[in-house]
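Okay, structure first, notes after.
Quick note: residue numbers are just sequence positions, from 1.
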Amino acid sequence: MSIPADRCPGVFRTHQAADGALARIRVPGGVIASEALDALALAADEFGDGTIELTVRGNLQVRGIAENDVAAFAEAVIAAGLASDSAHDRVRNVIVSPFSGRVGGLADLRPFADALVDALVAADWSAVLSGRFWFGLDDGRGDVLARTTDVAGVAVDSDHAVVVIGGSHVIGPVPLRDLPDQMVAVARAFLDVADGAWRISDLDEDRRTTLFSTLGASAEGPLPVSRHPEPRVGWFDQTDGRVMLGAVVPFGNLSAEQARYAAAIGVHVSITTEREILIGDLDEAVAETVVRVLAPLGFIFDSRSPWTTLTACTGSPGCAKSAADVRTALRDHVADLDPDADAPPHGHWIGCDHGCGSPARSHIRVLASADGTLRRVD
């Protein structure tokens, strides 16, 4: 099987788009400290187009970077603590159930994300992993498992988890303290059979069989149940009595000004794979103030908003492959919707067949034809 070279962008190796260089910042666990968010906002203003994009992998992107500013932008990201060495920059692809340790779930898996990233960065061999190889930590509610990561640790009680490999085979249960090492071992075994493959799903049947056999993984037992979450938008009571707020912004585009205001709250901010922004560990009075300040700036805290279900790729003019300005078209569509209605079905508007940024769940696609005409395709 021939697999093309992985050109997945990072901080040190960017993607050249029609509007300039695009840098992708991995955010392990989706969690970014307030100081780091503020620093990234400044860097996006100074070197990019002034916005921070939220991605469907729970990472961040800055577009519009001039070629001679790429190195300076990378230095700013390193100074903010958002990147490590260039060899391991793109391997830190780890997502965690966003509510883990705060609202429901069988276990708090946040500390294990840090341990997993530390183990990956410490291993010389991990630098060979594709920037698309994906790790997930699911606290038992099934939201991460629904994202079809390559390797997922899924809590089965407060002290144990199973390791789900390629969405089909299982190891364990294992004690949670051993979970990061077990997941790293899967990635190492994958490289032994990869032969250029980016992800476990890219392996042919023979190599998949070899991988599962080597790891002692079984498909005989029941898999944990995956569940796409309802919008994590609004006011959520944490188990410790504090409050978590969930918001969205259109297209997952956070302006530098919006990011600085969010950072000024002084708490960690979480980014979800549904492009939601979670601000937790607030007391009620502070939470009420946050809503009053951020809502006029464009943060949407209403779970019925169409922006919780409608998304679009970059489109024209930022992407040379796009046949239309799909974001302007979607804005016009949203403006025509009944403001008192519930959120419409999930839909993604795309400027070409690549479908970049498509949601994982079932959704309606609106595609731009070569002449720029938009039509629904099922």
Expected output: side-chain His169 to main-chain Thr209 donor-acceptor under 3.5 Å: no
Within-4.5 Å side-chain heavy-atom neighbours: Val164 and Val162: yes
In one Ile/Leu/Val/Met/Phe/Trp/Tyr side-chain cluster, 4.5 Å: Val151, Leu203: yes
Trace of the side chain to side chain contact (heavy atoms under 4.5 Å, CB included) decision for Val366 with Leu330: CA-CA 10 Å; Val366 178; Leu330 180 53; over 6 Å; no
More than 12 heavy atoms from other groups under 6.0 Å of CD on Glu230: no
Ser168 vs Arg208 side-chain heavy atoms within contact, under 4.5 Å: yes
Electrostatic pair Arg260:Asp45 at N-O distance under 4.0 angstrom: yes
Cluster overlap Ile265 with Val291, hydrophobic side-chain contacts below 4.5 Å: yes
Val91 backbone acceptor or donor facing Arg26 side chain under 3.5 Å: no
Side chain proximity check, Asp85 to Val121, heavy atoms < 4.5 angstrom: yes
Non-hydrogen atoms of Ala259 and Leu254 that approach each other most closely: CB-CD2, 3.9 Å
Parallel, tilted or perpendicular: rings of Trp349 and His333 (30°, 60°): tilted
Residues Asp281, Arg102: salt bridge by 4.0 Å N-O rule: yes
hydrophobic_cluster_shared for Val117 and Val144, side chain cutoff 4.5 Å: no
Shortest non-hydrogen contact between Gly101 and Arg110, atoms and distance: O-NH2, 3.8 Å
Side chains of Arg327 and Thr314 in contact at under 4.5 Å (non-hydrogen atoms): yes
Within 6.0 Å of NE2 in His228, more than 12 heavy atoms from elsewhere: yes
Donor-acceptor pair, side chain of Thr328 and main chain of Asp325, under 3.5 angstrom: no
Distance, nearest 0.5 Å, that separates CZ of Arg90 from CG of Leu129: 10.0 Å
Under-4.0 Å salt bridge between Asp89 and Arg92: yes
Side chain to side chain, Asn59 and Asn93, heavy atoms closer than 4.5 Å: yes
Check: Ser369 side chain, Asp371 main-chain N or O, donor-acceptor pair, under 3.5 Å: no
Asp192 side chain reached by Thr214 side chain, heavy atoms, under 4.5 Å: no
Heavy-atom side-chain proximity of Leu282 to Val267 below 4.5 angstrom: yes
Neighbour count above 12 (heavy atom, 6.0 Å) for Tyr261 OH: no
Ser126 side chain to Leu120 backbone, donor-acceptor under 3.5 Å: yes
Min side-chain heavy-atom separation Ile78-Phe12 under 4.5 Å: yes
Test ring pair (Phe, Tyr, Trp, His ring centres under 6.0 Å) applied to Phe190 and Phe133, step by step: CA-CA 10 Å; Phe190 164 77; Phe133 196 89; 4.9 Å; yes
Any side-chain donor near an acceptor of the partner, Thr311 and His348, under 3.5 Å: yes
Minimum-distance pair of heavy atoms, taken over all atoms of Pro345 and Ile364: CB-CD1, 4.1 Å
Verify same cluster id: Ile52, Val77 (apolar side-chain graph, 4.5 Å): yes
Short side-chain to backbone donor-acceptor contact, Ser100 and Ala107, under 3.5 Å: yes
Contact summary for Leu215 and Ala185, nearest pair of heavy atoms: CD2-O, 4.1 Å
Arg361, CZ atom: more than 12 neighbouring heavy atoms under 6.0 Å: yes
Trp134 six-ring face occupied by Arg147 cation (under 6.0 Å, within 45°): no
Audit row: Arg275, Glu53, side chain to side chain contact (heavy atoms under 4.5 Å, CB included) steps and yes/no: CA-CA 9 Å; Arg275 295 177 172 140; Glu53 293 185 339; over 6 Å; no
For Asp143, all residues meeting side-chain hydrogen bond (donor to acceptor under 3.5 Å, both in side chains), sequence neighbours excluded: Ser97, Arg232
Exam field: side chain Ser305 to backbone Asp302, donor-acceptor pair closer than 3.5 Å: no
Closest non-hydrogen atom pair between Val249 and Asn253, with its separation: CG2-O, 3.5 Å
N/O donor-acceptor pair under 3.5 Å between Asp178 side chain and Asp181 backbone: no
Intermediate values then yes/no, side chain to side chain contact (heavy atoms under 4.5 Å, CB included), Met183 and Leu179: CA-CA 6 Å; Met183 295 176 70; Leu179 184 57; 3.8 Å; yes
Pair Phe99-Leu278, side chain to side chain contact (heavy atoms under 4.5 Å, CB included): steps then yes or no: CA-CA 9 Å; Phe99 280 169; Leu278 303 182; 4.0 Å; yes
Inter-residue atom distance Leu145.CG - Leu223.CG, 0.5 Å rounding: 7.5 Å
Between CD on residue Glu257 and CG on residue Leu297, distance to nearest 0.5 Å: 5.5 Å
Ser322 side chain vs Ser316 backbone, donor-acceptor pair below 3.5 Å: yes
Least distance between heavy atoms, Ala21 atom then Thr14 atom: CB-OG1, 3.7 Å
From CG (Asp150) to OG1 (Thr148), nearest 0.5 Å: 8.0 Å
Interatomic distance, Phe301 atom CZ to Ile279 atom CD1 [nearest 0.5 angstrom]: 5.5 Å
Asp49/Arg63 under salt bridge (charged side-chain N to carboxylate O under 4.0 Å, His left out): CA gap, chis, key distance, verdict: CA-CA 6 Å; Asp49 67 359; Arg63 307 181 66 95; 5.2 Å; no
Short side-chain to backbone donor-acceptor contact, Asp69 and Ala72, under 3.5 Å: no
Arg207-Thr210 side chain donor-acceptor pair, cut-off 3.5 Å: no
Ile277-Val233 co-clustered via ILVMFWY side chain contacts under 4.5 Å: no
Gap separating the CH2 atom of Trp307 from the CD1 atom of Ile300, nearest 0.5 angstrom: 7.5 Å
